[in-house]
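Have a look at the structure below, then the notes.
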Amino acid sequence: MAEINTAVVSARDVQRLRQAASVGMMDAKAALTEADGDFDRAFEILRERGLAASAKRADRTATEGAVGSYLHRQAGRVTIGAMVELAAETDFVAKSDEFITAADEIAKHVSWANPTWLRAEDVPEDRLDEERRFATVQAENEGKPEHVVPRIVEGKIQQFLRQNVLYEQEFVNPAVFEGSVGEMVTQLGTRMGENISVTRIARLAVGER
């Protein structure tokens, strides 16, 4: 029987690799797990699989873009509004129908999913520490074996990120894209050959503060 890799991969390591290689969360986590947590080896694994080919675009400046918007109407009135700034390197790309449509679709996602942060690295460390403490106490109270608690805690952190971070959230309309918003943006950049990213979001909803 093949040996099972039980290396614990932290959420921070996953996000660091995602940012460096411009890949999705699951690809980054799988590479780190295969590399037993070795960051450099994990990056090489992604390169060998052709998944990190877009990383070289990350250092290029994106000063163009478009503002996507979405208004949710209920009983003849607008009850939720969302806006997203989607950045690109050139106005040629920023003015394209595909780019503008993507910006509007991400705004629609923001209106539904209500993310708190853009990327995992934007989440304050003290908030993650708080979530880790809560998850640890919960696992211990449930009588989980001590050696599995770290994996349970990191699993809870990944779940927290998927619920609250735009780039980690599953895109709400699978008819448009299946995967996370971060993966959607990465694939858009790959197709258009530019450094594309969400730089700002805003959301208003009636009755919410």
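Tested against Asp129 for a salt bridge (Lys or Arg N to Asp or Glu O under 4.0 Å), the candidates Arg127, Arg133, Arg132 yield a single pass: Arg132.
Val67 pairs by the side chain to side chain contact (heavy atoms under 4.5 Å, CB included) definition with Met83, not counting sequence neighbours.
Val110 and Ala82 get closest at one heavy-atom pair: CG1-CB, 4.1 Å. Taking both residues in full, the closest heavy atoms of Val181 and Phe171 are given as CG2-CD1, 4.0 Å, listed atom of the first, atom of the second, then distance. The two residues Ile196 and Gly189 have their closest heavy-atom pair at CD1-CA, 3.8 Å. Taking both residues in full, the closest heavy atoms of Ala35 and Ala42 are given as CB-N, 3.7 Å, listed atom of the first, atom of the second, then distance. When all heavy atoms are compared, the tightest approach of Ala107 to Val84 is CA-CG2, 3.6 Å. For the residue pair Gln169 and Asn114, the shortest heavy atom distance occurs at NE2-C, 4.4 Å.
With Glu131 contributing its side chain and Ile157 its backbone, the two residues share no donor-acceptor pair below 3.5 Å. A donor-acceptor pair is defined here as one N or O able to donate and one able to accept, closer than 3.5 Å; such a pair exists between the side chain of Asp122 and the backbone of Arg119. For the pair Ser96 (side chain) and Val93 (backbone), a donor-acceptor distance under 3.5 Å is present.
In this structure, His72 and Tyr70 have tilted ring planes: the angle between them lies in the 30° to 60° band.
Leu161 and Tyr167 end up in different hydrophobic clusters when Ile, Leu, Val, Met, Phe, Trp and Tyr side chains are linked at under 4.5 Å.
Between the CD atom in Glu130 and the CZ atom in Phe134 there is a gap of 9.5 Å [rounded to 0.5 Å].
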